[in-house]
*Asks:* 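Attaching a single structure in structure tokens format; questions to follow.
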Amino acid sequence: MKKYFNLFDLSQKVNYKTEVLSGLTVALALIPEAVAFALIAGLSPLTGLYAAFVMGFVTAVFGGRPGMISGATGAVAVVIAALAKSHGVEYVFATVVLAGVIQVIAGVLKLGKLMRLVPHPVIFGFVNGLAIIIFMSQLDQFKDASGQWLTGTPLHTLLILVLITMLIIWGLPKISKAIPASLVAILVVFGVVILLGIDTKTVGDMASIQGGFPPFHMPDVPLNIETFSIILPYAGIVAGVGLIESLLTLNIIDEITETRGRGNKEAVAQGTANILSGVFSGMGGCAMIGQSLINISSGARARLSGIVAAVMLLVFIMFGANLIEKLPMAALTGLMIMVAIGTFEWASLRTFRRMPKSDIFVMVLVTLVTAVLHNLALAVVIGVIIAALVFAWDNAKRIRARKYVDGNGVKHYEIYGPLFFGSVTVFNEKFDILNDPDEIIIDFAESRVVDMSAIEALNKITERYQKVGKKVHLKHLSKDCRKLLKNAEEIIDVNVLEDPTYKVVVDKI
């Protein structure tokens with residue numbers, strides 16, 4: 001029971017200054033993101049800010065990956081935008097609560113391990129596509145209120161301030177890492193704008209962030225089957241998108257920090273956070289790779305940074321709105337551009353000549369789907385499906401058969417490689433039914449009967465031999481394979497030789 005209540009690893013060495021400053025930096029970066037995502041969903045800015053606080057705080061305390069930041073995200077905003085427009089914000093709150101319940105169930109059922117099915121090219125493509133999205137989203141800051149590109153002095157001012165921010169973030173760590181470079185860059189640009197009286201776009205130009213503590217509010221929707229049928233599709237997609245983005249972000253942070261997070265615990269935390277977000281007037285969300293990378297690159301490794309980020313965000317909303325609204329967007333834009341540059345897996349470009357063409361195709365496709373459609377879940381699902389099909393195709397070509405006739409005139413077929421739906425055609429081509437002797441043995445010591453297509457293939461090959469008066473024996477079938485045959489004994493009747501002791505490896509984790 002200890003591990004469930006041990007929320008903080010007391011054996012972990014925590015750099016409190018780094019954690020607090022990193023959390024403060026993340027809080028400042030969360031504000032424009034949360035406001036922007038709320039506006040994308042057609043909701044009030046405070047709906048996004050409240051979600052960022054609730055999601056960030058709950059997952060920082062209870063999540064499976066210390067240092068990872070959660071909040072309102074674009075992926076969720078895109079999903080709920082249509083619902084918000086057609087049915088209103090109350091249905092959005094109900095959807096977020098239901099999505100949270102689904103995520104908690106997924107975590108309890110330990111479905112987080114399914115992320116092991118996501119191959120590396122898909123992760124590369126996901127990360128690269130996300131980096132492009134982060135970069136492209138910053139280009140809106142170079143447009144005026146009417147959507148036209150800035151020109152003249154406003155453009156030159158914005159560019160100079162953005163470049164100063166980027167230069168500080170790039171150069172300061174080479175001199176000193178005592179204070180997070182991102183926070184220094186924001187404060188320096190803020191000071192320059194205030195001291196020189198520079199007229200440039202600020203956070204307050206996007207929307208006011210003034211508010212109080214997130215109000216408790218049960219979704220005001222009819223509790224009937226009609227409401228459930230309306231919100232269930234959206235809730236399912238929100239839950240899926242949230243889990244995919246969160247668990248992929250967890251894997252990325254794992255690689256950077258060379259530690260291991262707990263996917264199922266994170267799923268439960270994400271679900272709990274969404275449930276609370278829905279009843280505390282928030283739009284819901286999931287892990288945020290951009291803010292997580294800001295946090296990790298600033299040196300944070302513990303839960304404290306996420307807690308500080310969430311609490312400081314709430315402090316800004318309740319007490320510091322007037323000051324925070326004066327922050328120049330140029331500083332936050334420069335910060336997010338540097339995040340995009342750091343997020344992109346530049347190493348993946350250098351591996352083009354060494355990676356299999358199928359892996360390159362999957363990586364590029366996932367990148368394009370992520371960047372163009374902004375649908376992270378769809379991109380990952382497409383990537384996994386294509387990678388699985390490529391894997392099946394490659395394995396289908398690897399099935400082999402070693403043939404020989406023993407001293408008793410019995411012909412042996414020693415099969416190598418898995419027998420499954422993709423390899424049955426090649427498997428059938430290995431046999432010479434008309435010219436074989438009266439008795440043959442098919443040896444599966446180096447093979448496996450995987451699915452019903454394989455069983456049907458065995459049935460067909462047996463029938464073909466029986467039609468010409470010849471007998472077939474199956475040898476070295478494991479208990480798992482023979483269980484498949486027993487379940488299908490109504491459609492196949494073959495002789496099985498021996499009772500081997502080995503088993504097919506089964507994942508019971």
Side-chain angles (χ1 to χ4, degrees), residues 113-114 116-117 119 356-359 361-362 381-509:
K113 65 183 179 181
L114 295 178
R116 289 180 294 180
L117 298 177
K357 292 181 179 180
S358 58
D359 285 352
F361 174 74
V362 169
V381 170
I382 289 176
V384 170
I385 291 175
I386 293 178
L389 291 175
V390 170
F391 175 81
W393 176 258
D394 289 341
N395 278 273
K397 297 184 294 183
R398 288 176 183 153
I399 193 164
R400 299 286 187 271
R402 179 174 176 264
K403 312 169 190 177
Y404 68 92
V405 179
D406 63 19
N408 297 320
V410 178
K411 187 169 183 179
H412 294 250
Y413 286 87
E414 294 181 348
I415 306 301
Y416 297 85
L419 180 58
F420 68 110
F421 69 91
S423 61
V424 294
T425 301
V426 178
F427 172 78
N428 289 328
E429 294 172 352
K430 303 298 181 184
F431 299 92
D432 187 2
I433 297 173
L434 295 179
N435 298 319
D436 278 350
D438 293 339
E439 190 171 1
I440 72 162
I441 294 176
I442 306 177
D443 192 337
F444 286 92
E446 300 295 333
S447 181
R448 291 291 182 273
V449 177
V450 176
D451 57 13
M452 289 303 298
S453 296
I455 292 175
E456 179 62 22
L458 291 177
N459 182 41
K460 292 296 184 183
I461 203 70
T462 301
E463 287 181 349
R464 291 168 65 189
Y465 275 107
Q466 287 176 344
K467 285 180 180 179
V468 294
K470 299 176 182 179
K471 193 171 186 180
V472 177
H473 302 279
L474 303 184
K475 186 177 181 182
H476 284 132
L477 280 175
S478 70
K479 290 181 179 179
D480 306 76
C481 298
R482 287 189 288 110
K483 184 177 180 181
L484 280 177
L485 291 177
K486 182 174 179 58
N487 292 338
E489 60 186 4
E490 292 184 1
I491 65 172
I492 181 170
D493 181 20
V494 296
N495 295 312
V496 179
L497 299 179
E498 299 185 18
D499 187 10
T501 57
Y502 69 86
K503 294 181 179 181
V504 173
V505 176
V506 178
D507 181 9
K508 293 185 180 179
I509 297 176

*Asks:* Can you tell me how far apart NZ (K475) and CD1 (I415) are? Round to the nearest 0.5 Å.
*Replies:* 13.0 Å
*Asks:* Test: side-chain hydrogen bond (donor to acceptor under 3.5 Å, both in side chains). Region: residues 424-433. Which pairs qualify, not counting sequence neighbours?
*Replies:* D432-N435
*Asks:* Mind checking ring-ring contact (aromatic ring centres under 6.0 Å, His included) for F431 and listing every partner two or more places apart, or none if nothing turns up?
*Replies:* Y413, F427
*Asks:* Would you check, one step at a time, whether the test salt bridge (charged side-chain N to carboxylate O under 4.0 Å, His left out) holds for D436 with K411?
*Replies:* CA-CA 7 Å; D436 278 350; K411 187 169 183 179; 2.8 Å; yes
*Asks:* Could you grab the distance from atom OG1 of T462 to atom NZ of K471, nearest 0.5 Å is fine?
*Replies:* 12.0 Å
*Asks:* If you compare all heavy atoms of G383 against all heavy atoms of V362, which two are closest, and at what distance to 0.1 Å?
*Replies:* O-CG1, 3.9 Å
*Asks:* Could you check if a side-chain atom of V450 sits within less than 4.5 angstrom of a side-chain atom of L419, using non-hydrogen atoms only?
*Replies:* no
*Asks:* Donor-acceptor check, side chain of D406 to backbone of N408, threshold 3.5 angstrom: yes or no?
*Replies:* yes
*Asks:* Side chain to side chain donor-acceptor pair (under 3.5 Å) with R402: which residues, sequence neighbours excluded?
*Replies:* E414
*Asks:* Measuring from atom CG of L458 to atom CD1 of I442, what distance do you get when rounded to the nearest 0.5 angstrom?
*Replies:* 6.5 Å
*Asks:* Side chain of S358, backbone of V390: donor and acceptor closer than 3.5 Å?
*Replies:* no
*Asks:* Looking only at heavy atoms, what is the nearest atom pair of A392 and F420, with distance?
*Replies:* O-CZ, 3.3 Å
*Asks:* Quick check on Y416: does its OH atom have over 12 non-hydrogen neighbours (other residues, nucleotides or ligands) under 6.0 Å away?
*Replies:* yes
*Asks:* Determine, for K467 against E463, whether the closest basic-nitrogen to carboxylate-oxygen distance falls under 4.0 angstrom.
*Replies:* no
*Asks:* Could you check if a side-chain atom of V468 sits within less than 4.5 angstrom of a side-chain atom of L434, using non-hydrogen atoms only?
*Replies:* yes
*Asks:* Return yes if a side-chain donor-acceptor contact under 3.5 Å exists between H412 and D443, otherwise no.
*Replies:* no
*Asks:* Taking the side chain as every heavy atom from C-beta outward, state whether E439 and K470 have any atom pair closer than 4.5 Å.
*Replies:* no
*Asks:* First locate atom CD1 of I433, then atom CZ of R464, and finally report the distance between them rounded to the nearest 0.5 Å.
*Replies:* 3.0 Å
*Asks:* Atom CD1 of I399 and atom OG of S423: how far apart are they, to the nearest 0.5 Å?
*Replies:* 4.0 Å
*Asks:* Does NZ in K460 sit with more than 12 non-hydrogen atoms of other residues, nucleotides or ligands closer than 6.0 Å?
*Replies:* no
